Participant: 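Take a look at the following structure, please.
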Amino acid sequence: MTRNSPDPQPLLEMENVSVDFPVKGPYPFSKKCWIQAVTDVSLEVSEGETFGIVGESGCGKTTLANAMIGMVRPTAGTVRFQGVDLYALNPKAFKEARREMQMIFQDPFSSLNPRFSVYEIIREPLYIRGQASETVMKGKVLELLKLVGLDEEDMYRYPSDFSGGQRQRIGIARSIILNPRFLVCDEPVSALDVSVHAQILNLLMDIQKSRHLTYVFVSHNLAVVKNICQNMVVMYLGMIMESGSSDAIFANPLHPYTKALLSAVLDIDVTKPRDRILLKGDTPSPIDPPAGCRFWQRCPSAMKGCRTVPAKLVEVEPDHQVACHLISGFSAQQVADSLHEPVSPKSGG
Ligand code: SF4
């Protein structure tokens, strides 16, 4: 559970959610394999907050975000939006609920149709809904263009006429035209020039305040997450390694993976000594993830038992949970004389 404010009912709840994707086996006629993109994730997002999902590329953060808004059906578990099981709704009710949940995509270059004018792109969700006249749609698009810092003349121009930052503004306008309550921002600035990051983030924060939105912010940039998110989860190979309030995690990171990620954040004071933790090896394949702690092959503190005993999330302080045997220890049954022998991260799985 990862909430700061004591809201009796979170806006969005995930309970033991897993998402697996089928892939072809390596050889002709070999059995189908499954990519375990997300495994057994539970979390809560409160109304009005910005909730961060961080981790390396391929850790399952975008799949998790997609499962939140009905874009990927979980293989197991429950997603509740406003207390209702999203995936148990009939198609009509599901469509209605989806209108409350929108997404800002990572790549503003491929997420906008180059053949559509800005007007057609922004009005599209309203147009598909088919309940607004051309005049109403025009008025709404104009209002949103102003809100995101573009001009009326931009309405009939095409995506190729705009810079990356301006294209992302168009994407933001499109995502809020149906007045959603819940917005997933999937790495909204990672494809943009560093010089426009702050402008887009400030715009998102202003829109959140004025429209009372709830954000899920997917990112691998911990410095950004620290500044804008109240609560967060750190993911590795489809599982949550650490979760809680951002203040608690940044003040006292406990999981070796979180510590490694934080050690990579650049400080504005370049003269300050950096204690960089370099992780060895690559992330293992999600088709055949390690049986015990998913991080053990790269963990500088791995113990022998970490290979076989999965680490469960345990609460270490209010609003702070960690999945690591260094914190939770092993049960009496799991303890053996050899259990605490250090394991070389290079020794493989
Ligand atoms: Fe490292 Fe073991 Fe903790 Fe996993 S459970 S992070 S391998 S110490």
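Counting starts at 1 for both ligands and their atoms, following the listed order. In this text the structure is predicted, and so the values were computed from the model without any measurement.
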Participant: With 2.8 Å as the limit, count the protein N, O or S atoms near atom 3 (Fe) of ligand 1.
Facilitator: 1
Participant: Answer yes when Arg157 and Asp154 have at least one side-chain N-carboxylate O distance shorter than 4.0 Å, and no when they do not.
Facilitator: yes
Participant: Given the rule in the salt bridge (Lys or Arg N to Asp or Glu O under 4.0 Å) test, do Glu152 and Lys146 qualify, once you have shown the distances and angles that lead to the verdict?
Facilitator: CA-CA 8 Å; Glu152 189 175 350; Lys146 281 185 186 149; 5.4 Å; no
Participant: With sequence neighbours excluded, tell me which residues meet side-chain contact (heavy atoms from CB on, under 4.5 Å) with Asn179.
Facilitator: Lys140, Arg211
Participant: Does any donor atom in the side chain of Ser190 or Gln106 lie under 3.5 Å from an acceptor atom in the other side chain?
Facilitator: yes
Participant: Donor-acceptor pair, distance only, cut-off 3.5 Å: does the side chain of Gln230 make one with the backbone of Thr50?
Facilitator: yes
Participant: How are the rings of Tyr87 and Phe94 set relative to one another: parallel (under 30°), tilted (30 to 60°) or perpendicular (over 60°)?
Facilitator: tilted
